[in-house]
Enquirer: 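Input: one structure, supplied below.
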Amino acid sequence: MPLIEVEAVSHTYPAQSRPVLRDVTVELNERRVGVIGANGSGKSTFARLLNGLVLPDRGTVRIDGLDTRRDGKRVRQLVGFCFTDPDAQIVMPTVAEDVAFSLRRRQLQGRALADRVAEALRRFGLERHADHPAHLLSGGQKQLLALASVLVTEPALVVMDEPTTLLDLRNARLIADLVAGLDEQVVLLTHHLDLIDGFDRVLVFDDGRIVADDRPASAVTAYRQLIGAGR
Amino acid sequence: MSLLAQYLPGSSTLHRLPAGAKLLGLLALAVLSQLLGSWSARCLLLLVVLGAYPVSGISLRFALRQLRALWWVLLAIGIAQVVIASWPVAVSVVVTVLLLVLAAGLVTLTTTTTAMSDVVVRLLGPFRRFGVAPERVGLLIALSIRAVPVVLGLADQIRDAQRARGLSASPRAFAVPLLVRALRHAQQTGDALIARGLDD
Ligand SMILES: Nc1ncnc2c1ncn2[C@@H]1O[C@H](COP(=O)(O)OP(=O)(O)OP(=O)(O)O)[C@@H](O)[C@H]1O
Ligand SMILES: [Mg+2]
């Protein structure tokens, strides 16, 4: 597992007065890390720190010793990122082309490329849709494709920002099962609290700070108390 | 979306032909159709192109559906040619347009975007020393094609949302949210491209 080191990070978006992250320090090397918290508490910003999509105003973020500020490219080879809206991250018109797009930097050609793509599609049950236009897939299939395109490059860490928010119960279950079976380290943000059952560690964000850092059950309890829904 | 032919998967000879060859063929066909003098020869050529559809596993109905938006234009051209020229000229012109549109449609339907943009990338190769980045142009083409169904989907959502709220169709109330959402989509796609290693 790569070590994620977030050290004294504060961040304020341009043209905003309130900081979104305040002095966040945390080290993560568990296989499954969940991140929960209210809307606007800073979860997505935290996630974007991990692949250098957001560079912090203050503090440092290191993945496996690589500083996201100086080694952005290498960090992004290590860290796969899965967004909430698959439509935004599927960039090619057809299913197989989108997976192949991820492998461009690998210098794979012809047969070797086709084999890798086919293998990734099989893993996600999309092999029958290889040549279909991406826009004809269902929401769940689109998210599967997005995940396939991220995982085909074999990242060491996968960050997922609410991967099931747009999905129905069945497809959310499908993604949850898939995530459970991944060998890669996973940092998963969600409002679906059952998704983080069985995770090794869960962070609770509130107003730009980590206010709880625990096993799932205790973290969820802390979160409930925080929003006043605790018993 | 009738005019925007998209790739139809298949395994015909035409599907397997390199994209460059198909584009060259298209060019040759355009030249040939201009060289042919008689209208009957052009009609023959049209039949050949039409015949290529079923051979590639695409139904003739689908082929003709591509022309839906074009019938009126063709009719207008035809009538104008009859008036200012003659019958044979009118037939020649209309048949030539039909022929080229159908042939171009056939190439699009049997060629993946990747293959097509690879050709563009290769053609633009010599311009590299003038600061043109062919890969970027190729990617731009793919992204544009991909954006069409996404933006159409956004438009549907906005129209439905307005209907649900009982709002009548006002162009501005439609255009503004569409623009906002399209921009947000563009921004997210940009993030996704970076996350997927485009900056390598
Ligand atoms: N690109 C941006 N520019 C300016 N402000 C932003 C930007 N992205 C997020 N914010 C603001 O930062 C705050 C935290 O946002 P963030 O997306 O990190 O929260 P979140 O915990 O992921 O919320 P949600 O559960 O709704 O996804 C919000 O107030 C948001 O409006
Ligand atoms: Mg968020």
Side-chain angles (χ1 to χ4, degrees), chain A residues 44 47-48 50-54 72-107 109 113-114 117 128-137 139 142 146 149-150 152-153 155 158-161, chain B residues 1 4-12 15-16 18-19 57 108-118 121 134-136 138-157 181-200:
Chain A
S44 294
R48 284 156 172 266
L50 304 183
N51 70 344
L53 224 42
V54 168
K73 280 181 193 179
R74 284 171 64 199
V75 166
R76 281 188 282 277
Q77 285 175 18
L78 222 54
V79 184
F81 202 103
C82 187
F83 296 80
T84 309
D85 183 2
D87 263 326
Q89 64 179 318
I90 298 172
V91 298
M92 290 307 228
T94 64
V95 172
E97 283 177 292
D98 193 70
V99 176
F101 174 78
S102 290
L103 295 170
R104 284 165 22 131
R105 64 179 172 218
R106 295 302 173 85
Q107 310 288 326
Q109 295 270 319
L113 178 65
V117 170
R128 280 186 302 116
H129 304 284
D131 289 323
H132 286 192
H135 69 272
L136 295 183
L137 297 179
K142 281 183 189 172
S149 290
V150 167
V152 72
T153 63
V158 189
V159 180
M160 303 185 183
D161 189 347
Chain B
M1 293 242 315
L4 287 160
Q6 298 242 356
Y7 176 67
L8 276 186
S11 56
S12 72
H15 278 93
R16 277 174 291 148
T108 326
L109 288 167
T110 58
T111 314
T112 63
T113 317
T114 307
M116 201 83 94
S117 63
D118 280 353
V121 169
E135 294 78 17
R136 293 288 155 115
L139 180 62
L140 197 67
I141 294 170
L143 284 176
S144 313
I145 294 175
R146 166 76 188 124
V148 171
V150 173
V151 173
L152 287 177
L154 292 179
D156 276 347
Q157 283 173 20
R181 287 206 209 179
L183 285 175
R184 181 164 358 128
H185 173 74
Q187 157 121 49
Q188 288 174 343
T189 302
D191 283 349
L193 284 173
I194 296 172
R196 292 181 64 180
L198 180 78
D199 54 346
D200 293 359

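Residue numbers begin at 1 in each chain, while the letters A, B, ... track the order of the sequences.
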Enquirer: Check each atom of A:Ser102 against the heavy atoms of chain B and say whether the ones under 4.5 Å are side chain, backbone, both or neither.
Expert: both
Enquirer: Which atom names give the shortest non-hydrogen contact between B:Arg196 and A:Gln89, and what distance separates them?
Expert: NH1-O, 2.8 Å
Enquirer: Non-hydrogen atoms of chain A under 4.5 Å away: do they reach the side chain of B:Leu139, the backbone, both or neither?
Expert: side chain
Enquirer: Side chain from CB out, backbone as N, CA, C, O: work out which of these in A:Asp87 comes under 4.5 Å of a heavy atom of chain B, or both, or neither.
Expert: both
Enquirer: Are the charged groups of B:Arg184 and A:Asp85 less than 4.0 angstrom apart, N to O?
Expert: no
Enquirer: Run the numbers on B:Asp191 and A:Arg48 for salt bridge (charged side-chain N to carboxylate O under 4.0 Å, His left out), then give the verdict.
Expert: CA-CA 10 Å; B:Asp191 283 349; A:Arg48 284 156 172 266; 2.9 Å; yes
Enquirer: Got A:Phe101 and B:Thr114 here, is their nearest side-chain heavy-atom distance under 4.5 Å?
Expert: no
Enquirer: Hey, is CZ on B:Arg181 packed in by over 12 heavy atoms from elsewhere, all under 6.0 Å?
Expert: yes
Enquirer: Over all heavy atoms of both residues, which pair between A:Ile90 and B:Arg146 is shortest? Give the atoms and the distance, please.
Expert: O-NE, 2.7 Å
Enquirer: Check the pair A:Met92 / B:Thr113 against side-chain contact (heavy atoms from CB on, under 4.5 Å), numbers first and verdict last.
Expert: CA-CA 8 Å; A:Met92 290 307 228; B:Thr113 317; 6.0 Å; no
Enquirer: Tell me the closest heavy-atom pair linking A:Phe81 and B:Ala195, and the distance in Å.
Expert: CB-CB, 4.0 Å
Enquirer: What is the minimum heavy-atom distance between B:Ala142 and A:Pro93, and which atoms define it?
Expert: O-CG, 3.9 Å
Enquirer: So which residue, A:Val91, A:Thr153, A:Val159, ends up with the most heavy-atom pairs under 4.5 Å with chain B?
Expert: A:Val91
